[in-house]
Amino acid sequence: MLQIQDQSLRPLATAHLAQTMALLCLSNMELRDRIQAELAANPALELVEERVCPNCHRPLSNGSPCHTCAQRREETEAVVFLSPRTAGARGLESDGSPIEREPVAPLDLAAHVLEQLAADLEPEERPLAAYILASLDDDGFLREPSATIAQATRSTLTGVGRVLQLIARADPPGLGTAGPREALLAQLDLVPMQDGRVSIARRMLRETFGELGRREYARIAQKLDVNLRHVREAAAFIRTNLNPYPARAYWGSGRQPQTPDPIIYHTPDIQVSFHPSSDDKTLMVEIFSPLAGWLRVNPLFRQALPDASPDHAEDWNQQLDRASLFVKCLQQRNNTMRRLMEILVSGQRQFILQGDRFLHPLTRARVATEIGVHESTVSRAVSHKSIGLPDGRIIPLARFFDRSLSVRDRIKEIVDTESRPLTDDEIVSVLGDEGIQVARRTVAKYRAMEGILPARLRHGRRERASPRR
DNA sequence: CTATGGCACGGATT
DNA sequence: AATCCGTGCCATAG
């Protein structure tokens with residue numbers, strides 16, 4: 001008897017493991033879809049929408065985290081818990097990073113561009129150019145199809161095309177294009193140095209624009225059959241050197257501090273913030289749940305089981321097993337995520353609070369031994385997850401394991417504060433003085449990753465302070 | 001001649 | 001086993 005039970009349990013155990021692994025590498029959004037699919041397919045599974053704390057299952061009055069769970073363990077520096085708040089899709093540009101619309105007065109912009117084009121425009125093209133510039137929206141895009149414009153201004157289609165080309169190449173580059181993608185492409189054509197990074201960037205914009213917006217670099221690398229590192233470099237290049245909304249560009253003295261991440265599609269899977277208790281030393285880490293509510297095996301289904309007709313009994317049993325397995329796997333996933341985050345936030349506290357420079361070197365293998373799981377488990381737990389930091393930034397969880405981030409951050413600062421463009425070799429020695437030993441070639445790579453142009457091309461950029469001359 | 005990017009290699013990481 | 005990362009070497013642009 002026992003033998004039989006044992007044998008029937010063994011495949012269950014491996015199934016358990018396999019499914020836990022499969023669930024572990026899903027992001028919150030993916031997990032939500034997965035759960036919904038399971039709910040639809042399996043009547044034995046039930047979603048209880050009652051608001052309870054996912055940690056202790058005590059009822060919650062409002063939507064806030066369970067305070068008994070969030071507040072216990074006063075002495076620790078971080079509290080990690082599963083949050084009853086759900087992470088769903090969010091509006092394109094709602095909270096988080098307020099996008100300040102800096103409405104460049106359309107007239108000024110138009111005048112500025114017209115001035116530049118004066119030399120290249122045939123006299124009879126001037127009204128056409130003016131018409132186009134006046135039709136741009138706040139972002140600098142042209143919503144009207146060329147044909148309509150040609151009709152309205154009594155010009156030819158080719159004429160419109162020619163003027164559009166000129167406008168797109170004028171000072172805020174990318175004006176008059178159909179959208180962010182086209183604007184970026186137009187700007188890309190103007191980059192002085194056409195190297196591999198630029199051509200990858202171009203392909204990324206052309207073929208995998210959606211993935212780029214979602215930061216799915218791995219998928220892009222796969223689709224384009226390019227090294228992942230090159231994809232990252234190209235993405236960084238786009239981010240720092242191009243502007244998806246041409247009319248919002250400041251070509252003034254102040255860099256563009258508000259451009260970094262205008263495209264945020266999701267809430268993070270995890271959010272770390274300051275604990276609301278009086279001292280602000282304690283961090284609070286919420287692991288968002290994918291759905292509002294919690295899953296369990298439907299008790300009614302279980303009760304009904306003995307009454308099942310013989311031909312259904314088999315099916316029902318199977319569904320029941322499947323449902324309880326699924327619930328267990330989810331619990332396991334939660335457990336692993338919680339332990340992982342405990343290690344991460346306590347080990348990388350400085351990084352979270354003070355920025356990239358303070359990321360300590362950390363490997364997945366070390367974390368794995370620390371929490372006593374296989375390293376591939378850690379790998380899965382970390383992948384495809386994003387985490388929101390107290391300062392509002394949303395970064396991939398995998399960045400906690402980026403070995404070169406702190407050095408790259410330092411290089412960025414060196415370049416930002418340099419009085420004259422420093423060569424890579426000079427940067428090497430500056431870093432050396434600070435005790436950071438890296439090869440010249442490595443500095444070049446990091447520079448590329450950050451989208452920083454080489455010293456020679458860093459000269460007089462961004463000095464167009466005012467449109468007037 | 002100098003600064004920099006491409007390629008490729010070996011060791012570490014996943 | 002596959003992939004990533006730091007580096008050295010070499011070609012090339014300026």
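To find a chain, count down the sequence lines: A is the first, B the second, and so on, and within it residues start at 1.
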Note to self: I'd like to know if A:Glu342 and A:Arg339 make a salt bridge, using a cut-off of under 4.0 Å between side-chain N and carboxylate O.
What the structure shows: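 Salt bridge: no.
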Using whole Å, what does the distance between atom [atom2] of nucleotide [N] and atom [atom1] of [X] come to?
X        : N      : atom1 : atom2 : result
A:His230 : B:dA8  : NE2   : P     : 12 Å
A:Arg364 : C:dA2  : CZ    : C1'   : 14 Å
A:Asp402 : B:dA12 : CG    : C1'   : 15 Å
A:Arg403 : B:dT13 : CZ    : P     : 6 Å
A:Arg229 : B:dA8  : CZ    : C1'   : 11 Å
A:Ile427 : C:dG6  : CD1   : P     : 16 Å
A:Ile200 : B:dG6  : CD1   : P     : 9 Å
A:Leu453 : B:dA3  : CG    : P     : 18 Å

Checklist line | Presence of donor-acceptor pair under 3.5 Å, side chain of A:Arg440 and base of B:dG5 | finding: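 Check passes, donor-acceptor contact within cut-off.
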To the side chain of [X], which of [options] is closest?
X        : options              : value
A:Thr423 : B:dA3, B:dT13, C:dT7 : B:dA3
A:Val438 : C:dT7, C:dG6, B:dT4  : C:dT7
A:Leu228 : C:dG6, C:dC4, C:dT7  : C:dC4

Margin query: Please check if the number of heavy atoms outside A:Arg322 that lie under 6.0 Å from its CZ is greater than 12.
Written below: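 Count not over threshold, so no.
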Item checked: Short side-chain N/O contact from A:Thr442 to OP1 or OP2 of C:dT7, under 4.0 Å ->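 Answer yes for this pair, as a side-chain N or O of A:Thr442 is under 4.0 Å from OP1 or OP2.
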Notebook entry, point to check: For C:dC5, does either OP1 or OP2 sit under 4.0 Å from a side-chain N or O belonging to A:Tyr446?
Noted result: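 No, outside the criterion.
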Margin query: Heavy-atom nearest nucleotide on DNA chain B for A:Ala365 versus A:Glu426: which residue maps closer to 5'?
Written below: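 The residue closer to the strand's 5' end, by nearest nucleotide, is A:Glu426.
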Notebook entry, point to check: If each of A:Glu375 and A:Glu233 is mapped to the nucleotide of DNA chain B with the nearest heavy atom, which maps nearer the 5' terminus, i.e. the 5' end?
Noted result: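 The residue closer to the strand's 5' end, by nearest nucleotide, is A:Glu233.
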Item checked: Point-to-point distance, once rounded to the nearest 0.5 Å, from CZ of A:Phe209 to CG of A:Leu184 ->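 Output value for this atom pair is 6.0 Å.
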Contact class for [X] vs. all strands (heavy atom < 4.0 Å): base, sugar-phosphate, or nothing?
X        : result
A:Arg441 : base
A:Ser376 : nothing
A:Arg380 : nothing

Next item on the list: Please say which of A:Arg440, A:Arg441, A:Arg447 ends up in a side chain to side chain donor-acceptor pair (under 3.5 Å) with A:Asp424.
Entry: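 By the side chain to side chain donor-acceptor pair (under 3.5 Å) criterion, A:Asp424 pairs with just one of A:Arg440, A:Arg441, A:Arg447: A:Arg447.
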Note to self: Just so I know, are the side chains of A:Glu450 and A:Val415 near enough to count as touching, which here means a heavy-atom distance under 4.5 Å?
What the structure shows: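 Sidechains of A:Val415 and A:Glu450: no contact.
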